[in-house]
Amino acid sequence: MFRSLAGRAALLASLCAILPAGAQRASTDVVASAPITGIRYEITADRAALGRRQLRVVTTFDVAGTAPVVLSLPAWTPGAYEIVNFARTVSGFGAVQGADSLRWDKADYDTWRITPTRAGQVRVSFDVTADTLDNGMSWTRPDFTLFNGTNVFLYPEGRSTEFAATVVVKTEPDFLIATGMTPAPEARTFRAASYHELVDMPFFVGTFDLDSATVSGKTVRFATYPRGVFAGAARATAWEQIKRSIPPEVLVFGEVPWDSYTVMHITDSTYGGMSGLEHANSHVDVSAPQGIGSDFQPRLFAHEIFHAWNVKRLRPADLVPYRYDRPQQTTWLWVSEGITDYYGDLALVRGGVVDPKGFYDLTTEKIGEIAQAPPFALEDASLNAWISVRDGTDALYYPKGSLAGFLLDIMIRDASVNRQSLDDVMRDLYRTTYKQGRGFTGEDWWGAVRRASNGRSYEDFQRRYVDGRDPYPWDEALEVVGLRLQADSVPRMGVSLSPEPDGSARVREIAPGSPALGAGIKTGDVIVSVNERPAMQVFFAGGFREMYGAKPAGTPIPVVVKRDGAQLTVQVPLRFGAGAPRLVEDPSAPPRAVRLRNGILRGTTDK
Ligand SMILES: [Zn+2]
């Protein structure tokens, strides 16, 4: 997953028919279900159901006798590392055989136990309340629904999840359906080869815009709700971003893993920010209207699509197979999320969506984010994903894991003299673990990194920067690729401010010895304007640097301040200080460093 604008969150998901499936067992001692066969799900999403903000779910299957059938709903959606307990949204549960109602009770809070009266078909039905706008959940409007398989599809307890399933969608004749599931010959019918696949393929049903293009030789579809919102130039831009970011990602792994890929996008004004949740052949974005055309949009696309390889297929052994009834803790989200985010940025620069400076700015942003956080270890932050810690490090395995990927890429290119890169590690692991039907272990990961680095040891790196809390060795690493962190001299007043609704800014703190303090500005003052420009524009939109960045120190700055109901003008002398460091190219970098740097930016090595 990936989230922006209004903060971050974590999410990623997965599925792969190739990975071995383990039996699912509830956390309580629920007895395994009697075997069931011919499993078929029917989802009713017509106008009447959507009007009630509900989906009707009917599950039919065959039983061989009267042994209890034990069925569960997942507690979470892979990729969204949080326990949601989808059984909470179920109402009107019932089970019948022909005209006979069957006896049922609950075995635990997300498990139903049904007692058939004879061999033959059983029909289980319930309603799901679909009123939550979230990538991993279900949501309705009068003309539309998003639903995730984890929310609606029951699985038999203690049985293999490797069962084929059929889904039939009952809806209006004029409604469209978009899903990554394989269409069957029958109308509005879809098939999945396993339960993992089934719950990894969310649905859009209703009225929405849908078009497609061929990218890297395969079909990509773009489904957007509501109709007409993601249109015209905005849609053309989105398509351009998708078309440019996929090919560099394909090059990392050497194959397109999907038959078709669907970008599913919902825009709604009730949603804060913009986020995505990945799947094996689709992803679901939810966005505020301001998200369309934002700088974050291409980052989200590139991040979510890269997950189709990294975490949907190449995945830590801790998450193989997914189990849906409890959290699956792992120390590896810095790879699954963080390195996905590194490759999201690389796809943008390698595909020409951003220029090298754009890539450096994205990296600078991450360095700044970590600089402001308390020291933390990548592995610990990954384990903490499930509990959304409130110590200031929540979800920071994204930027810090991304930077770890950048560091490893530099170290591998350095040790191999640009013959190998992190790309080779990702491809190596993809082939040696995912393609062999398993998840990767620490031995797999560090072994691949070592192999790509002419045998260089990463024990110290792992101890200090992955399991430990040491600050990253930027100076040493960046020199290898002809980059450095440069702190520019920027104009400063020495005040920390908070915006006020009327466009002014309240002084929260004043730095000791600052020009503002010397000029008589006080904590609690409200700054109305600076050199006749509204305070908000000056302090929160780059105006201060624009107005005074090139003026000589000592230039008087007229600041209008409100204090105790009175308004006064204060002259603050201009002073300069070090700004936050930003990543820049070193113009005097030797050719070797430039070659390594270009290798990262272009996705090339000197094999
Ligand atoms: Zn993600």
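The figures here come from the full heavy-atom set of this structure, side chains too, leaving out hydrogens, waters and symmetry mates. For ligands, and for the atoms within them, numbers begin at 1 and follow the listed sequence.
W474 and F406 have tilted rings, their planes meeting at an angle from 30° to 60° on a 0 to 90° scale.
Sorting the N, O or S atoms of E337 by how far they are from the Zn ion (ligand 1) puts OE1 first. H303 contributes atom NE2 as its closest N/O/S atom to the Zn ion (ligand 1). The N, O or S atom of H307 lying closest to the Zn ion (ligand 1) is NE2.
With sequence neighbours left out, F301 forms a ring pair (Phe, Tyr, Trp, His ring centres under 6.0 Å) with no residue at all. With sequence neighbours excluded, the residues forming a ring pair (Phe, Tyr, Trp, His ring centres under 6.0 Å) with Y225 are F144, listed by chain and number.
Salt bridge annotation for R463-E459: absent, with no cationic side-chain nitrogen under 4.0 angstrom from a carboxylate oxygen.
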